[in-house]
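These notes are about the structure you will find just below.
Index from 1, following the sequence.
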Amino acid sequence: MAWSKRISLQQLLIVPCLLILMQCLQYGGGQKKKENLLSEKVEQMMEWSSRRSVIRMNGDKFRRFVKAPPRNYSVIVMFTALQPQRQCSVCRQANEEYQVLANSWRYSSAFSNKLFFTIVDYDEGADVFQQLNMNSAPTFMHFPAKGKPKRADTFDLQRIGFAAEQLAKWIADRTDVHIRVFRPPNYSGTIALALLVSLVGGLLYLRRNNLEFIYNKTGWAMAALCVVFAMTSGQMWNHIRGPPYAHKNPQNGQVSYIHGSSQAQFVAESHIILLLNAAITMGMVLLNEAATSKGDVGKRRIICLVGLGLVVFFFSFLLSIFRSKYHGYPYSFLIK
């Protein structure tokens with residue numbers, strides 16, 4: 001009886017030990033399988049990245065290399081619609097900046113397998129757009145190495161614009177990877193300046209015997225007004241932030257030329273503001289002409305009415321745009 005009891009106790013000790021050993025073997029095998037899968041994914045991403053800085057992905061590639069674990073690398077994804085039938089000019093402009101940023105990272109000395117740039121086109125991955133409930137393009141998202149994307153992992157394109165420098169700053173905030181943007185040399189500005197200087201120099205040479213036009217007050221006033229209109233309409237902001245020209249809703253095809261927020265604007269919006277300011281200025285000039293000229297009274301009255309109409313109508317239009325951007329602004333005039 002004592003011998004049988006000893007056997008029973010040994011059996012009781014061996015069974016849990018065997019179970020623990022089996023679990024360790026299973027865990028070790030699973031862990032090794034995970035490591036092999038991760039190694040294969042990183043190797044494949046590096047191979048694609050060596051061919052082109054931005055990796056094109058369809059739905060299957062996106063789910064396997066971006067969404068599915070294991071993954072120890074971050075992925076920046078640009079969701080876009082570049083096909084000509086989509087007529088998304090903003091997508092093409094944003095893609096150019098995205099390519100500049102990806103090339104800057106790919107050919108920098110800090111390049112590693114910790115960050116990859118990818119792109120998903122609507123016509124190649126419509127299921128991805130549906131999966132993410134995405135209804136606008138372009139959109140930039142960061143998929144971190146661990147965890148799910150947070151709200152800050154979606155780039156605020158409407159407020160910040162899509163310049164490569166702004167994208168690089170956002171990526172540095174999300175991944176601690178700092179990318180120095182290198183742009184290919186662009187000599188268009190230098191060529192334009194040289195042509196302008198040549199044109200002015202040639203004009204001065206041809207008119208060297210009669211330079212009275214230099215003292216023309218009207219000409220200088222028109223030049224000054226052009227500069228003022230350009231600056232007050234937000235052209236410098238466009239140059240710095242690089243916003244899209246307009247926004248087209250991919251669901252209903254409606255194009256917006258006025259941004260709905262006071263923190264951003266479209267390029268088309270600045271053009272509209274420039275024309276409105278010019279029309280108001282023209283109205284003020286006509287009012288001044290009607291008051292100071294000594295011509296026919298009837299003609300002066302007509303000039304006064306036209307000038308007053310320009311000022312009232314276009315100022316009302318300008319005020320309505322201001323009201324639509326600054327929500328809660330209580331005042332309006334003629335046009336709401």
| request: Check whether any side-chain heavy atom of L308 lies under 4.5 Å from a side-chain heavy atom of L286, and answer yes or no. | output: no

| field | Q44 and K61, any side-chain heavy atoms less than 4.5 Å apart | value | no

| query | At their closest point, which heavy atom of V181 faces which heavy atom of A168, and how far apart are they? | reply | CG2-CB, 4.0 Å

| query | Which atom names give the shortest non-hydrogen contact between S104 and I179, and what distance separates them? | reply | CB-CG2, 4.1 Å

| So among I55, I76, N95, which one has a side chain to side chain contact (heavy atoms under 4.5 Å, CB included) with I119? | N95

| said: Could you measure the distance from the CD atom of E289 to the SG atom of C304? Nearest 0.5 Å is fine. | reply: 12.0 Å

| request: To the nearest 0.5 angstrom, please state how far the CH2 atom of W105 sits from the OG atom of S112. | output: 4.0 Å

| query | Any side-chain heavy-atom pair from I171 and F117 closer than 4.5 angstrom? | reply | yes

| query | Would a distance-only check, ignoring hydrogens and angles, find a side-chain to backbone donor-acceptor pair under 3.5 Å from R56 to T118? | reply | no

| task | Before accepting this row, confirm whether a basic side-chain N of the pair K169/E165 lies closer than 4.0 Å to the acidic partner's carboxylate O. | result | no

| task | May I ask you to decide if the ring planes of Y98 and F140 are parallel, tilted or perpendicular, using 30° and 60° as cut-offs? | result | tilted

| query | With under 30° as parallel and over 60° as perpendicular, where do the rings of F322 and Y326 fit, or are they tilted in between? | reply | parallel

| request: Could you tell me which residues satisfy side chain to side chain contact (heavy atoms under 4.5 Å, CB included) with C226, sequence neighbours excluded, listed by chain and number? | output: none

| said: Between V128 and F79, is there a side-chain heavy-atom distance shorter than 4.5 Å? | reply: yes

| request: Please check if the side chain of R71 supplies one atom and the backbone of K41 the other of a donor-acceptor pair under 3.5 Å. | output: no

| request: Kindly determine whether W48 and F116 satisfy ring pair (Phe, Tyr, Trp, His ring centres under 6.0 Å), including the steps that lead there. | output: CA-CA 10 Å; W48 286 334; F116 295 99; 9.5 Å; no

| query | Within the distance-only criterion (no hydrogens, no angle test), does the side chain of N103 pair as donor or acceptor with the backbone N or O of Q99 below 3.5 angstrom? | reply | yes

| Which atom of C88 lies closest to which atom of A137, heavy atoms considered | SG-O, 4.1 Å

| request: Indicate whether any N or O donor in one side chain lies under 3.5 Å from an N or O acceptor in the other, for N238 and Q265. | output: yes

| field | Atom of L101, atom of A164 and distance for their closest heavy-atom approach | value | CD1-O, 3.9 Å

| Is there a donor-acceptor pair under 3.5 Å between the side chain of S49 and the backbone N or O of M46? | no

| request: Indicate if L275 and V228 have the same hydrophobic cluster label, given that clusters are the connected sets of ILVMFWY residues with side-chain heavy-atom separations under 4.5 angstrom. | output: no

| task | Verify, without hydrogens or angle tests, whether S198 (side chain) and A194 (backbone) share a donor-acceptor contact under 3.5 angstrom. | result | yes

| note | Taken to the nearest 0.5 Å, the spacing of I160 CD1 from L167 CG works out to 8.5 Å

| said: If the condition is salt bridge (charged side-chain N to carboxylate O under 4.0 Å, His left out), which residues does D121 pass it with, not counting sequence neighbours? | reply: none

| request: Write down the atom of M57, the atom of F65, and the distance for their closest heavy-atom approach. | output: CE-CB, 3.9 Å

| task | Keeping to residues at least two apart or across chains, list the salt bridge (charged side-chain N to carboxylate O under 4.0 Å, His left out) pairs with something in residues 142-158. | result | D153-R174, D156-R159

| request: Would you mind reporting whether L310 and I280 have side-chain heavy atoms less than 4.5 Å apart? | output: no

| Are K34 and L37 side-chain neighbours, meaning at least one heavy-atom pair lies under 4.5 Å? | no

| Shared hydrophobic cluster, L274 / F317 (ILVMFWY, side-chain heavy atoms < 4.5 Å) | no

| request: Given ring pair (Phe, Tyr, Trp, His ring centres under 6.0 Å), test F111 with Y107 step by step and report yes or no. | output: CA-CA 7 Å; F111 176 73; Y107 297 106; 8.5 Å; no

| query | Passes side-chain contact (heavy atoms from CB on, under 4.5 Å), V267 versus H271? Steps please. | reply | CA-CA 7 Å; V267 175; H271 294 166; 3.7 Å; yes

| request: Would you check if T154 and H142 make a side-chain contact, meaning some heavy-atom pair closer than 4.5 Å? | output: no

| said: Please evaluate residues L132 and T139 with respect to the criterion side-chain contact (heavy atoms from CB on, under 4.5 Å), reporting the C-alpha separation (whole Å), side-chain torsions for both, the decisive distance (0.1 Å), and the verdict. | reply: CA-CA 11 Å; L132 298 176; T139 299; over 6 Å; no

| Atom of I321, atom of S324 and distance for their closest heavy-atom approach | O-OG, 2.7 Å

| Is any side-chain heavy atom of D127 less than 4.5 Å from a side-chain heavy atom of Q131? | no

| Side chain R86, main chain A81, donor-acceptor under 3.5 Å | no

| Step by step, would you call E35 with L38 a side-chain contact (heavy atoms from CB on, under 4.5 Å)? | CA-CA 5 Å; E35 292 176 358; L38 177 60; 5.7 Å; no

| request: Answer with yes or no whether the hydrophobic clustering places L115 together with F182; edges join I, L, V, M, F, W, Y residues whose side-chain heavy atoms lie under 4.5 Å apart. | output: no

| query | Should side-chain heavy atoms under 4.5 Å link Ile, Leu, Val, Met, Phe, Trp and Tyr, which residues sit in the same cluster as F266? | reply | none

| request: Would you confirm whether T292, through its side chain, and N288, through its main-chain N or O, come within 3.5 Å as a donor-acceptor pair? | output: yes

| field | Pairs flagged by salt bridge (charged side-chain N to carboxylate O under 4.0 Å, His left out) wherever residues 88-117 is involved - sequence neighbours left out | value | E97-R183

| task | Hey, could you give me each pair passing disulfide bond (SG atoms under 2.5 Å apart) that has a residue in residues 307-336? Not counting sequence neighbours. | result | none

| Side chain K325, main chain H259, donor-acceptor under 3.5 Å | yes

| task | Please answer: with hydrophobic residues joined when any side-chain heavy atoms are less than 4.5 Å apart, are V255 and I273 in the same cluster? | result | yes

| query | If two hydrophobic side chains count as joined below 4.5 Å and joins carry through other members, does M284 share a cluster with I302? | reply | yes

| query | So Y122 and L82, side-chain contact (heavy atoms from CB on, under 4.5 Å) or not? Walk me through it. | reply | CA-CA 8 Å; Y122 180 80; L82 294 174; over 6 Å; no

| query | Just by modelled atom types, is the P138 backbone N or O under 3.5 Å from a matching donor or acceptor in the T80 side chain? | reply | no

| query | What about F143 and F62, are their ring centers closer than 6.0 Å? | reply | yes

| query | Just by distance, do the side chain of S256 and the backbone of I258 share a donor-acceptor pair under 3.5 Å? | reply | no

